[in-house]
Trainee: 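There's a structure below that I have some questions on.
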Amino acid sequence: MDCCNMRCGLIAGAVFGAVVAILGGVLIPVGNSIIKGTVEKVPVIEPGTTAYDNFVAAGAGVYRQFWFFDVQNAQEVVQNGTTPVVVEKGPYTYKTRYFPKDNITFNTNDTVSFLLPVGAIFEPSMSVGPEEDKVTSLNLAVAVSEFYSLVPKVLHAVLENLIKTSNSSLFQHRTVKELLWGYDDPMLKAKLGLFYPYNGTYEGVFNVYTGKEDMSKVGIIDRWRGERSLRFWDDPYCDMINGTDASSFAPFVDKSTPLYFFSADICRSVSAGFEESKDLKGIEVYRYTLQENTLASPTINPDNRCFCRDPTTTKNCSLAGVLDISSCQNGRPIFISLPHFLYGSPSLQDGVKGLNPIRDQHYTFLDVEPTTGFTLRFAKRIQVNMMYGPSNVITLVGNTPILFLDEIWKTLLASGVAIFGVCSISYCMTRRSQSKLV
C-alpha cells in the first residue's frame, strides 16, 4: 500500500510538473504579448490615454537657467585688443512651457498638429540674484553691425557713424532682464534682446505621429512649420528633420541604436548615444548623451560639411565645437556651442580667459525609461556666442560667449513615473507569474 502511494505520488508529481512546464511554455509568450500590448497602448497620443493627457497639459517643471559671461576688462579689449576676461554669473532661473499646447488638431495621416506657446516667469528662489543684476556683455547692435559680411560696403561708413553718434561701444552694461527679453537700443532705435520677442509667441506649428497605427513612429516629427525639411542649410542631409522633440521615443528602447531628436534652438536635428544605465528614484533609465562628434569639424566628421557656412570664420571649416546658425537667425552672427566651448577647438578657449569646460556640468543628456520610451529627465545645455569685427571703429576680431543656458525638464519625471507605473504593474505581475510557472 505504501509503495503504491509512493508510486502514485511520483506519477502525479511528474504529470503536474509536465503540465506546469507546458503551461509555462504557453504562458511565457502570452505574458510577453500582454506586456508588449500594454506598453504599446500607453504612449499613443489620442484622447482618453494617459499619454494624451500629458501631451496636452502644461509643463509643470521645465526651467531655463542662464549663466552670463560678465566681461571684466571691456575697456582694455576695445582700446588695446586685450583678450577678454570673463566671470561666470548665474544662474538666473525662469519657469517656461507653463502653457498647454494650443490649436491641437488630429489629421488623417496618423499625425496631430499643435502650437507650443512660450513664456518665461522669473524664479527668485532658484536664482543667484534679481533680474535687475547688471552684466557687462557684448553690445548686440554693435556686434551685428560690425559683422560686415551682413551689409554692403557702401553702408560701412553709415554704420560707423551710427556707432559714434549714439555713443555705443562693443560692450554694454545692462540688466539680466534687458539682455534676455529686450531693451530699446539707442543706435538702431529698435527693441533688441537675445530672446526678444519671446513671451506671447509660439513654437511651431508641429506635426507629430500619434503612434496609433505604427507605434515605432510615435512622437516623430512629420512636419515643422508646415515643412518636412528645413530651409537653413541648403543641403538635403543637414536640412533633415529627424526624430522626436526629445520628450519621448518609441517604447522598448534599444541601447545599441542612437536616439534622434530635432532642436529648434539650434536649427538642426541631432543624435544621442547610450552611455550607461542609471537609477532615477527607483526607476532604471538609460542615459543618452549628445555625441561628441555632433559639433566636430568636417575634417573629423564629414557629415558636418554642410553645416559649415563660412570657411573664413571657421578656419576653412576646421574649427570644432561651434555651429553657425546665422542662417536661421535673420543673418545675425550667432554661433552655438556647448558651455565653455566643451569639445571645442583650443583656439576658442584661448580667445577668452576665464573659461573652464567640465563635462559633468556642461554636457547635454537625456534619461530615458527603456520600456515606455519616455524621457524622465532632460538637461539641454547651449552656449550663445557672437562674432564681431573688424572695422574702422572696432579693429579686433573675436567670437565672444555671451551666456549659456541649461534647460531642465523635470516635469517629465512626475508624469513619466505615473505612466511607468501602469506598465510596471502589468510587467511585474506577468513576470512573477512566469517565474512561478517555469
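Every value quoted in this text rests on a predicted model; they were computed, and no experiment measured them.
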Trainee: Determine whether L403 and L194 make a side-chain contact, defined as any pair of heavy atoms from C-beta on separated by less than 4.5 Å.
Mentor: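 With C-beta onward as the side chain, the pair touches.
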
Trainee: Between the main-chain N or O of T364 and the side-chain N or O of R381, is there a donor-acceptor pair closer than 3.5 Å?
Mentor: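 Flag not set: sc R381 to bb T364 has no pair under 3.5 Å.
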
Trainee: For residues 184-200, which residue pairs qualify under side chain to side chain donor-acceptor pair (under 3.5 Å), counting only residues two or more places apart or in two chains?
Mentor: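 Qualifying pairs: none.
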
Trainee: In chain order, what residues pass the salt bridge (Lys or Arg N to Asp or Glu O under 4.0 Å) check against R225, with sequence neighbours excluded?
Mentor: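 With sequence neighbours excluded, R225 shows a salt bridge (Lys or Arg N to Asp or Glu O under 4.0 Å) to no residue whatsoever.
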
Trainee: Would the distance check show the side chain of D310 and the main-chain N or O of T312 forming a donor-acceptor pair, the cut-off being under 3.5 Å?
Mentor: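 Judged by distance alone, yes, a pair lies under 3.5 Å.
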
Trainee: Search all heavy atoms of E227 against all heavy atoms of I241 and return the closest pair with its distance.
Mentor: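 Between these two residues, the closest heavy atoms are O-CD1, 3.8 Å.
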
Trainee: Are the side chains of Y260 and M240 in contact, using a 4.5 Å heavy-atom criterion?
Mentor: no

Trainee: Test of understanding: with side-chain contact (heavy atoms from CB on, under 4.5 Å), list the residues that count as partners of T294, not counting sequence neighbours.
Mentor: R268, V270, L290, Q291

Trainee: Just by modelled atom types, is the G90 backbone N or O under 3.5 Å from a matching donor or acceptor in the D133 side chain?
Mentor: no

Trainee: With rounding to the nearest 0.5 angstrom, report the OG to CZ distance, S216 to F252.
Mentor: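 Reported value, rounded in 0.5 Å steps: 12.5 Å.
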
Trainee: Using the rule given for side chain to side chain contact (heavy atoms under 4.5 Å, CB included), can you reason through L259 versus V368, listing the C-alpha separation, both sets of side-chain angles and the distance that settles it, and then say yes or no?
Mentor: CA-CA 10 Å; L259 297 179; V368 180; 3.9 Å; yes

Trainee: With no hydrogens and no angle check, is any side-chain donor or acceptor of T111 less than 3.5 Å from a backbone partner on N207?
Mentor: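 Side chain of T111 to backbone of N207: no pair is present.
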
Trainee: For the side chain of N316 and the backbone of S318, is there at least one donor-acceptor N/O pair under 3.5 Å apart?
Mentor: no

Trainee: Indicate the atoms forming the closest heavy-atom contact of T372 with P43, along with that distance.
Mentor: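 That closest heavy-atom pairing would be O-CG, 4.1 Å.
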
Trainee: I need the full list of salt bridge (Lys or Arg N to Asp or Glu O under 4.0 Å) pairs touching residues 168-180, with sequence neighbours left out, sorted by first then second residue.
Mentor: R174-E178

Trainee: Do NZ/NE/NH1/NH2 and the carboxylate oxygens of R228 and D222 come within less than 4.0 Å?
Mentor: yes

Trainee: Looking at D110 and K217, is any side-chain nitrogen of the basic one under 4.0 Å from a carboxylate oxygen of the acidic one?
Mentor: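 No.
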
Trainee: Can you check whether R359 reaches Y343 side chain to side chain, under 4.5 Å on heavy atoms?
Mentor: yes

Trainee: For residues 117-128, pull every pair meeting side chain to side chain donor-acceptor pair (under 3.5 Å), keeping only residues two or more places apart or in separate chains.
Mentor: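 Qualifying pairs: none.
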
Trainee: List in chain and number order the residues that pass side-chain contact (heavy atoms from CB on, under 4.5 Å) with K255, two or more places apart in sequence or in another chain; answer none if no residue qualifies.
Mentor: F274, S277, Y286, Y288

Trainee: According to side chain to side chain donor-acceptor pair (under 3.5 Å), who are the partners of N385, at least two apart in sequence or on a separate chain?
Mentor: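 With neighbours one apart ignored, the set is S337, Q383.
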
Trainee: Do R309 and D234 pass the side chain to side chain contact (heavy atoms under 4.5 Å, CB included) test, and can you show the C-alpha distance, the side-chain angles, and the key distance before you say yes or no?
Mentor: CA-CA 10 Å; R309 305 289 297 174; D234 301 321; 3.6 Å; yes

Trainee: May I ask you to test the Y209-V218 pair for a side-chain heavy-atom distance under 4.5 Å?
Mentor: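 No. Closest side-chain heavy atoms not under 4.5 Å.
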
Trainee: List the atom of P130, the atom of Y92, and the distance in Å for their closest heavy-atom pair.
Mentor: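 So the two residues come closest at O-CE2, 3.4 Å.
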
Trainee: With no hydrogens and no angle check, do the side chains of H340 and Q361 hold a donor and an acceptor under 3.5 Å apart?
Mentor: no

Trainee: Could you report the tightest heavy-atom contact between N73 and T83, atom names first, then the distance?
Mentor: ND2-O, 3.0 Å

Trainee: So do the side chains of T175 and E131 get within less than 4.5 Å of each other, counting heavy atoms only?
Mentor: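 No, too far: nothing below the 4.5 Å cut-off.
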
Trainee: Can you measure from CG (L192) to CG (L140) and round to the nearest 0.5 angstrom?
Mentor: 6.0 Å

Trainee: Take a 6.0 Å sphere around CD of Q75 and say whether it holds more than 12 heavy atoms from other residues, nucleotides or ligands.
Mentor: no

Trainee: Does N139 use its side chain to pair, donor to acceptor, with the backbone of S169 at less than 3.5 Å?
Mentor: yes

Trainee: Check for a donor-acceptor pair, side chain of T136 on one end and backbone N or O of H173 on the other, with a separation under 3.5 Å.
Mentor: no

Trainee: Can you tell me how far the CH2 atom of W409 sits from the CZ atom of R97, to the nearest 0.5 Å?
Mentor: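 Taking CH2 in W409 and CZ in R97, the distance rounds to 4.5 Å.
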
Trainee: Starting from the C-alpha separation in whole Å, work towards a yes-or-no answer on side chain to side chain contact (heavy atoms under 4.5 Å, CB included) for M386 and T400.
Mentor: CA-CA 6 Å; M386 287 192 76; T400 298; over 6 Å; no

Trainee: Is any side-chain heavy atom of K89 closer than 4.5 Å to a side-chain heavy atom of V176?
Mentor: no

Trainee: For the pair W224 and F206, name the ring-plane relationship: parallel under 30°, tilted 30 to 60°, perpendicular over 60°.
Mentor: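 Answer is tilted, since the angle falls between 30° and 60°.
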
Trainee: Check whether any side-chain N or O of N301 sits under 3.5 Å from a backbone N or O of N293 as a donor-acceptor pair, and report yes or no.
Mentor: yes

Trainee: Among all residues two or more places apart in sequence or in another chain, which pass the side chain to side chain donor-acceptor pair (under 3.5 Å) test with D102?
Mentor: Y202

Trainee: I want to know whether W181 and F122 have ring centres closer than 6.0 Å.
Mentor: no

Trainee: Q65 vs W67, test: side chain to side chain donor-acceptor pair (under 3.5 Å). Steps then yes/no.
Mentor: CA-CA 7 Å; Q65 296 188 306; W67 280 263; over 6 Å; no

Trainee: My understanding is that only residues two or more places apart in sequence, or in another chain, count here; which of them pass side chain to side chain donor-acceptor pair (under 3.5 Å) with S166?
Mentor: S168

Trainee: OG/S248 to CZ/F55 distance, rounded to the nearest 0.5 angstrom?
Mentor: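 Separation between the atoms: 9.5 Å.
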
Trainee: Has T314 got a side-chain atom pairing as donor or acceptor with L319's backbone, closer than 3.5 angstrom?
Mentor: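 The answer is no, because no donor-acceptor pair under 3.5 Å joins these two groups.
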
Trainee: How many angstroms lie between atom SG of C238 and atom CH2 of W233, to the nearest 0.5 angstrom?
Mentor: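 Those atoms lie 7.0 Å apart.
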
Trainee: Assess the residue pair T375 and F249 against the criterion (side chain to side chain contact (heavy atoms under 4.5 Å, CB included)); give the C-alpha distance rounded to whole Å, side-chain angles, the decisive distance to 0.1 Å, and a yes or no.
Mentor: CA-CA 8 Å; T375 301; F249 301 90; 3.5 Å; yes

Trainee: Who passes side-chain contact (heavy atoms from CB on, under 4.5 Å) against N80, sequence neighbours left out?
Mentor: E76, T82

Trainee: Which atom names give the shortest non-hydrogen contact between L366 and F261, and what distance separates them?
Mentor: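 It is CD1-CE2, 3.9 Å.
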
Trainee: Listed by chain and number, what are the side chain to side chain donor-acceptor pair (under 3.5 Å) partners of Y52, not counting sequence neighbours?
Mentor: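 Per chain and number, Y52 pairs via side chain to side chain donor-acceptor pair (under 3.5 Å) with no residue.
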
Trainee: Quick one, F365 and R377 - any side-chain contact, counting heavy atoms below 4.5 Å?
Mentor: yes

Trainee: Drop me the distance from I402's CD1 to S137's OG, to the nearest 0.5 angstrom.
Mentor: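 I402 CD1 to S137 OG: 5.0 Å, rounded to 0.5 Å.
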
Trainee: Are the side chain of E369 and the backbone of T371 linked by a donor-acceptor contact shorter than 3.5 Å?
Mentor: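 Yes: the side chain of E369 pairs with the backbone of T371.
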
Trainee: Would a 4.5 Å heavy-atom cut-off, applied to side chains only, mark L295 and V322 as touching?
Mentor: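 SC-SC contact between L295 and V322 ruled out.
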
Trainee: If every non-hydrogen atom of V77 is compared with every non-hydrogen atom of P84, which pair is closest and at what distance?
Mentor: CG2-CA, 3.8 Å

Trainee: Considering only distance and modelled atom types, tabulate donor-acceptor pairs under 3.5 Å from the side chains of residues 347-357, sequence neighbours left out.
Mentor:
{"from": "S347", "atom 1": "OG", "to": "K315", "atom 2": "NZ", "distance (Å)": "3.3"}
{"from": "Q349", "atom 1": "NE2", "to": "F341", "atom 2": "O", "distance (Å)": "3.3"}

